[in-house]
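Indexing begins at 1, ligand by ligand and atom by atom, following the structure's order.
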Amino acid sequence: MTIIAPSLLAADTFKLEQQINEVESAGISRLHLDIMDGHYVPNINFGDKFVKEVRAHTKAELDIHLLTETPEKYVDQMIDAGGDIINFHPETTRQPVALINHIHARGKKVGIALDPGLSYRTYLPLLDFVDQVLVMTVSPGFGGQKFIPEMLHKIHDINTMKNTNMSGFDIEVDGGIDDVTGAQCTEVGATALVSGSFIFKDDIKKAINSLK
Ligand code: DX5
Ligand code: ZN
């Protein structure tokens, strides 16, 4: 079954409790939270206080996406705040394996996030260590962008490599995911779909059902 992870970047902050209840009653068990530092991406959004507050309101798995430089600065605070999966962009740290080991030692899952311009082959050695590969299907930083169709080849190649090696990691896609692009991604091997503006723009339940 494909995992659907609503991205809270697109939620209405003033209706957050209601919207989290709504996605949960539509069967959602994973929420995606983007942490932006204004350096790796030009944007700033929420921090660990917000993650902690979301944690207090839901039992869903919290999928933390660090869009930051020096992710090692944020990992512990995100785990302390209640993060379950910590995704980081591997080019932002000098010692990705040490960071992966640290997150695992704290009992949490790890994902590596790949910018559209980066090949998974560059990070092939990391794939033996992670629980998830987060394939960015837009340039990171903002919600509401258009899906980059060339990423379908990349998802397909990662899935082929995964099946050849009988690896168990999830392939999560993030950016511009709606009912059409989501189906294209799952066809080539995506196992988890992050979706922000498509889910929160109008009828939440209807959007989640059409993604399913
Ligand atoms: C983009 C973020 C995404 C974003 C997706 O940098 O990583 O998680 O919230 O939003 P949509 O689904 O609107 O493209
Ligand atoms: Zn994200």
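A salt bridge (charged side-chain N to carboxylate O under 4.0 Å, His left out) with R55 is found for one member of D48, D80, D84 and no other, namely D84.
For the atom pair CG of N87 and CG of D174, the computed distance is 8.5 Å after rounding to the nearest 0.5 Å.
Side-chain polar atoms of S7 and D34 form a donor-acceptor pair below 3.5 angstrom. Residues T93 and E72 bring a donor and an acceptor atom of their side chains to less than 3.5 Å of each other. No side-chain donor-acceptor contact under 3.5 Å links D157 and T160.
With the Zn ion (ligand 2) as the vertex, atom OD1 of D34 and atom OD2 of D174 span an angle of 170° (nearest 10 degrees).
Every atom of ligand 1 is numbered from 1 in the order shown, and the set under 4.0 Å from a heavy atom of G175 is 14 (O). Heavy-atom contacts of H32 reach the following atoms of ligand 1: 8 (O) (cutoff under 4.0 Å). Numbered from 1 in the order shown, with element, the atoms of ligand 1 that lie under 4.0 Å from a heavy atom of P140 read 6 (O). Atoms of ligand 1 lying under 4.0 Å from any heavy atom of H65, numbered from 1 in the order shown and given with element: 7 (O).
Of all protein heavy atoms, the one lying nearest to atom 12 (O) of ligand 1 is G196 N, 2.8 Å. Protein heavy atom nearest atom 3 (C) of ligand 1, with residue, atom name and distance: D174 OD1, 2.9 Å. Protein heavy atom in closest approach to atom 9 (O) of ligand 1: S7 OG, 2.7 Å. Ranking the protein heavy atoms by distance from atom 10 (O) of ligand 1 puts G143 CA, 3.6 Å first.
Following chains of ILVMFWY side-chain contacts shorter than 4.5 Å, one cannot reach M136 starting from Y120, and the two form parts of different hydrophobic clusters. One hydrophobic cluster, built from ILVMFWY side chains closer than 4.5 Å, cannot hold both I103 and L67; they sit in different ones.
Polar contact check, S139 against ligand 1: no nitrogen or oxygen pair lies under 3.5 Å apart. The shortest N or O to N or O distance between G144 and ligand 1 is below 3.5 Å. For ligand 1, none of its N or O atoms has an N or O atom of M136 under 3.5 Å away.
By the 4.0 Å heavy-atom criterion, S195 is counted among the residues contacting ligand 1.
At a 4.0 Å heavy-atom cut-off, ligand 1 touches F142 through the backbone alone.
Distances from atom 13 (O) of ligand 1 to the heavy atoms of S197, A5, P6 show the closest one on S197. The heavy atom nearest to atom 14 (O) of ligand 1, considering only G176, G182, G141, is found in G176.
Heavy-atom minimum distance, P96 versus F88: O-CZ, 3.8 Å. Between E69 and D37, the closest heavy-atom pair is N-OD2, 2.8 Å.
Atom ND1 is the N/O/S atom of H65 found closest to the Zn ion (ligand 2).
Below 30°, between 30° and 60°, or above 60°: for H89 and Y40 the angle between ring planes is between 30° and 60°, a tilted geometry.
Seen from the ring of F169, K162 counts as a face-on cation partner, given the 6.0 Å and 45° thresholds.
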